[in-house]
Novice: 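Could you have a look at this structure, given as structure tokens, before my questions?
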Amino acid sequence: EDKVVQSPLSLVVHEGDTVTLNCSYEVTNFRSLLWYKQEKKAPTFLFMLTSSGIEKKSGRLSSILDKKELFSILNITATQTGDSAIYLCAVEARAGGTSYGKLTFGQGTILTVHP
Amino acid sequence: EAGVAQSPRYKIIEKRQSVAFWCNPISGHATLYWYQQILGQGPKLLIQFQNNGVVDDSQLPKDRFSAERLKGVDSTLKIQPAKLEDSAVYLCASSPTGNEAFFGQGTRLTVV
């Protein structure tokens, strides 16, 4: 069974702090790793990573994948109160017996940024 | 581009009643997912469709949950009869390629 584990489960910081969120995985037929931000209900897409060692950046957010050690990190620098959300890591793997991808999510990291 | 549409947004039912959720994916997206997200947890895949065929339903409690995707477009998820532990947000997502999924706003179900 595919498994995705995120840590920490929750994190409380102050504005301006830098945070690192972790995601480790055990899947068969790995295809990609995705990060989502969930503020109210619908998760919104942040990054998709397929290759090791190549950093993806978007503003103050960045992420990198290590396919040898089977983990990814999401960094947020100079955090703002608007960064408060649940950050979800998902791994796409080939669904057994098919050529289609299947997304498995971790339990999420709840980030709270205080002013 | 219109997003994934779900209805209703909220539903409160008594245990043992039945309930149905509807999802309209983004036009042209062949892959459709239903996820269950219990408070404090990550989304759990219930069922995945590719067009109107089921790719994965290994975590769908088939004694009470059912889903269909007629004509490979809209989908419905039904629970009959509902239990207290079914209280959750039910998220529908669609994808054109099977990796980057776009989510609807979800339906928050409360079973009392």
Novice: So which heavy atom on A:A42 is nearest to which on B:G104, and how close?
Specialist: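 A:A42 and B:G104 have their closest heavy atoms at CB-O, 3.0 Å.
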
Novice: From A:Q38 CD over to B:L91 CG, what is the distance, rounded to the nearest 0.5 angstrom?
Specialist: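 A:Q38 atom CD to B:L91 atom CG measures 6.5 Å (nearest 0.5 Å).
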
Novice: Side chain of B:Y33, backbone of A:K102: donor and acceptor closer than 3.5 Å?
Specialist: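 Such a contact is absent between B:Y33 side chain and A:K102 backbone.
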
Novice: Between B:P43, B:A30, B:G40, B:G106, who has the most heavy-atom pairs with chain A when the cutoff is under 4.5 Å?
Specialist: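 The candidate making the most pairs under 4.5 Å is B:P43.
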
Novice: Taking all atoms of both residues into account, what is the closest heavy-atom pair of B:G42 and A:L88, and its distance?
Specialist: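 In this case the closest contact between B:G42 and A:L88 is CA-CD2, 4.1 Å.
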
Novice: Same cluster or not: A:Y25 versus A:I86, using hydrophobic residues (I, L, V, M, F, W, Y) connected whenever any side-chain heavy atoms lie under 4.5 Å apart?
Specialist: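 A:Y25 and A:I86: separate clusters.
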
Novice: Given a strict heavy-atom distance threshold of 4.5 Å, which part of B:Q6 is in contact with chain A: side chain, backbone, both, or neither?
Specialist: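 Neither part, no heavy atoms under 4.5 Å.
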
Novice: Hey, could you give me the CD/OH distance between B:E100 and A:Y36, rounded to the nearest 0.5 Å?
Specialist: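 B:E100 CD to A:Y36 OH: 6.0 Å, rounded to 0.5 Å.
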
Novice: To the nearest 0.5 Å, what is the distance between CD (B:Q41) and CZ (A:F105)?
Specialist: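 So the gap between those two atoms works out to 14.0 Å.
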
Novice: Decide whether B:L32 and B:V4 are clustered together by the hydrophobic rule: side chain heavy atoms of Ile, Leu, Val, Met, Phe, Trp, Tyr closer than 4.5 Å, transitively.
Specialist: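 No: no chain of side-chain contacts under 4.5 Å links B:L32 to B:V4.
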
Novice: Does atom CD (B:Q17) have a neighbourhood of more than 12 heavy atoms from anything else shown, all under 6.0 Å?
Specialist: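 For B:Q17, atom CD is crowded (more than 12 foreign heavy atoms under 6.0 Å).
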
Novice: Could you check whether atom CD1 of B:I38 has more than 12 heavy atoms from other residues, nucleotides or ligands sitting under 6.0 Å from it?
Specialist: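 Counting other residues, nucleotides and ligands, CD1 of B:I38 exceeds 12 neighbours.
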
Novice: Do B:S95 and A:L103 touch side chain to side chain, with heavy atoms closer than 4.5 Å?
Specialist: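 A side-chain contact is absent here, since even the closest heavy-atom pair is not under 4.5 Å.
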
Novice: B:Y35, A:V27: one ILVMFWY side-chain cluster at the under-4.5 Å cut-off?
Specialist: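 No; tracing contacts between hydrophobic side chains, which count when under 4.5 Å, never links both residues.
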
Novice: Can you hop from A:L11 to A:I76 via hydrophobic side chains spaced under 4.5 Å?
Specialist: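 Yes.
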
Novice: Please answer: with hydrophobic residues joined when any side-chain heavy atoms are less than 4.5 Å apart, are A:F47 and A:V4 in the same cluster?
Specialist: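 Same cluster: A:F47 reaches A:V4 through Ile, Leu, Val, Met, Phe, Trp or Tyr contacts under 4.5 Å.
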
